[in-house]
Amino acid sequence: MLKTSPLNIERIRQQTPSLADPDREAPINHLLACGSSLMPQPVLDAVIEHLNLEAQIGGYEAHEARASTLNNVYNQVAQLIGAEPDEIALMENATMAWSHAFYALPLKAGDRILTCEAEYAANYVAFLQRAKRNGVEIVVIPNDETNRIDTKALKNLIDDRTALIAITWIPTNGGLVNPAKEVGKIANKAGIPYLLDACQAIGQIPVNVKELGCDFLSATGRKFLRAPRGTGFLYVRKALIETLEPIIIDHFAAPWVATNQYQLRPDARRFENWENAYALRAGLGAAVAYANSLGMENIHQTSWGLADYLRQQLSNIEGIKLRDNGHPNDFVNNQLEQCAIVSFSIKGQYPSQVVKKLKDKNIIIGTSSPDSTLLDAQSRKLPVILRAAPHYYNTKQEIDALVQALDMLK
Ligand SMILES: Cc1ncc(COP(=O)(O)O)c(C=O)c1O
C-alpha cells in the first residue's frame with residue numbers, strides 16, 4: 001500500500017471560491033476536472049494580484065517587481081515533475097508545448113512515428129501534417145486486452161526506421177492510463193526519442209520525468225492542476241535541448257548577436273517567446289505550489305477513489321453503459337488502472353442534452369466526441385459519450401447528486 005494521508009476536504013473546499021459557502025443558494029457541483037477544474041483561492045489571488053500590479057505600475061514594471069516570484073515558477077514546475085528548471089519552457093497550453101517539441105524534431109521521409117490508439121486529436125493531426133509534408137509514416141501500436149498500449153507489440157515494432165515514440169499517457173476519455181514508464185524503458189533501450197503527452201496526468205497523478213524516461217513531456221495548467229486557462233509547459237531533457245532548433249524563434253529564444261547571426265538560448269526557454277501572460281504564470285506557480293503542498297499521491301488516491309465510487313453508482317443504473325477501459329482498481333493491493341476520468345453513455349439520451357439538463361441543475365459534466373480520439377472511437381465504435389471527472393475537492397454527496405439526476409433523466 002502506498003503511504004497517503006487523508007486530505008482535509010473541508011479546508012480545501014473553503015479554499016475554493018465556488019465551493020466555500022455550503023449554504024449558497026445554488027451551489028455548483030463541478031465534476032469536470034478533465035475539462036477545466038475549479039481554481040483554489042491562492043491561484044486566483046496570484047493572478048489578480050499580478051494584474052492589479054500591472055494596472056497600478058505598468059506591465060513591464062510589474063514583471064520587474066515580481067521577477068523572483070515569476071522565475072520561481074520554473075523551479076516549482078521542475079520540482080513537480082522531477083526535472084531541472086532549465087529543462088522547462090512555460091507555454092500557453094499543452095498543444096503548444098507538444099507541438100514545439102514535435103516540430104523541432106528533424107523527421108525525414110520514411111521515418112516512423114510509433115503512437116497509440118487513444119492518441120489525442122491535436123497530436124495525431126500534426127503527425128498527419130508531417131506525413132504530408134515530410135513523408136513520415138505513422139504506426140499505431142496495438143492495444144492489449146484492456147486497451148492499454150501492448151508493450152510487447154511495441155518492442156516488436158521497433159526497427160531502424162523508428163524515429164519517434166509519441167504517446168498519450170492518460171487519454172482524454174476512457175479511464176485509461178497507458179504504461180508510460182514501460183514505454184520509456186523500451187524507448188530508452190532502443191535510443192529512440194520519446195514524447196509524452198501528460199496533459200491529463202499532470203495534477204492528477206505523480207509525474208517524474210526521470211522515472212518515465214521521457215525526452216519531452218507536455219502538460220496543461222487548467223485541468224487537474226487547477227491553474228488558470230491559458231497555461232501549460234514543456235519539459236525537454238537537458239541533453240537534447242541544444243540539439244533542437246525550434247520551429248519558431250524570436251529574439252528571446254535566440255538573441256540577435258551579430259548582423260547575420262542569432263544564438264539560441266542553451267535552456268528549454270528557446271521554445272518560448274519574449275511576450276507572456278505573466279499574471280497567468282503567477283497563477284500556474286501558485287497552482288503547482290498548492291498541489292505540492294497537498295501531495296500528489298494524496299491527490300491521486302482521493303480523485304481515483306471518487307471516480308471509482310462514481311463508476312460503481314453508475315453501474316447500478318439501468319440504461320447507463322460505462323465506456324471505460326482497464327480493470328477496476330484494487331486500492332488494497334495498489335493495483336490501480338482506471339483514472340479519474342469516467343466515460344459513459346445513456347440509452348436513448350443525447351449526450352449534449354444530458355449535459356444541458358444537468359447544467360440547469362448546476363451539475364457540470366461534459367461530452368467527448370469521436371474526433372478527439374478518432375482511432376479509439378472507431379475501434380470501440382464509440383458515439384459521442386459523456387465524461388465526468390471528479391477531483392479531490394469533490395465529495396461523495398456531489399457524486400450521489402449527479403447519479404440521482406442522471407437516474408431521473410431516464
Ligand atoms: C490528452 C490530451 N492532450 C492534449 C490536450 C490539449 O491540451 P490543451 O487544450 O491545453 O492544448 C488535451 C485536451 O483536452 C488532452 O486531453
Side-chain angles (χ1 to χ4, degrees), residues 31-37 39 77 81 89-103 115-128 140 147-149 165-180 183 194-205 207 212 214 216-235 271-272 276-277 280-281 283-284 287-288 303 307 323-326 338-343 355 364-377 382 384-389 391:
L31 294 157
L32 196 58
C34 60
S36 184
S37 65
M39 283 181 279
V77 170
I81 63 168
L90 299 178
M91 296 278 155
E92 56 266 50
N93 55 51
T95 302
M96 204 47 116
W98 187 95
S99 299
H100 264 295
F102 177 64
Y103 283 101
T115 189
C116 60
E117 200 168 278
E119 189 66 356
Y120 189 64
N123 308 346
Y124 207 91
V125 294
F127 298 151
L128 291 172
V140 180
N147 284 338
R148 289 164 24 119
I149 288 173
I165 298 176
I167 62 152
T168 298
W169 189 358
I170 296 188
T172 207
N173 66 58
L176 185 73
V177 185
N178 268 320
V183 170
Y194 177 27
L195 166 56
L196 183 62
D197 177 335
C199 182
Q200 295 286 4
I202 200 78
Q204 182 182 168
I205 56 176
V207 174
L212 289 161
C214 56
F216 312 96
L217 179 139
S218 54
T220 207
R222 72 181 183 284
K223 296 181 185 287
F224 287 91
L225 198 49
R226 307 183 70 192
R229 293 196 67 175
T231 57
F233 65 85
L234 169 67
Y235 155 82
F271 295 103
E272 292 184 2
N276 293 290
L280 299 184
R281 280 193 179 181
L284 175 67
V288 173
S303 59
R323 300 288 193 163
D324 285 337
N325 296 306
Q338 291 185 319
C339 73
I341 307 176
V342 181
S343 316
V355 169
I364 309 298
I365 66 165
T367 60
S368 192
S369 65
D371 63 2
S372 61
T373 45
L374 191 62
L375 300 183
D376 176 49
L382 288 183
V384 177
I385 52 177
L386 289 158
R387 197 172 65 142
H391 211 350

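Model, not experiment: these values are computed from the prediction. Atoms within each ligand, like the ligands themselves, are counted from 1 in listed order.
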For Ala340, all residues meeting side chain to side chain contact (heavy atoms under 4.5 Å, CB included), sequence neighbours excluded: Gln204, Phe224, Ser303, Trp304, Ala307

Close-range residues for ligand 1, whose non-hydrogen atoms fall below the 4.0 Å threshold: Asn93, Ala94, Thr95, Tyr120, Thr168, Ile170, Thr172, Asp197, Cys199, Gln200, Thr220, Arg222, Lys223

Side-chain donor-acceptor pairs of residues 95-102 under 3.5 Å, sequence neighbours excluded:
from: Ser99; atom 1: OG; to: Thr95; atom 2: O; distance (Å): 2.7
from: His100; atom 1: NE2; to: Phe271; atom 2: O; distance (Å): 3.4

Residues that Asp324 engages under side chain to side chain contact (heavy atoms under 4.5 Å, CB included), provided they are two or more places apart: Arg311, Gln338, Val342, Ser343

Side-chain heavy-atom pair Ile205, Ile170 within 4.5 angstrom cut-off: yes

Given Pro171, Ser218, Cys116, Cys214, the one that forms side-chain contact (heavy atoms from CB on, under 4.5 Å) with Asp197: Ser218

pair Gln200-Tyr120: side-chain heavy atoms closer than 4.5 Å: no

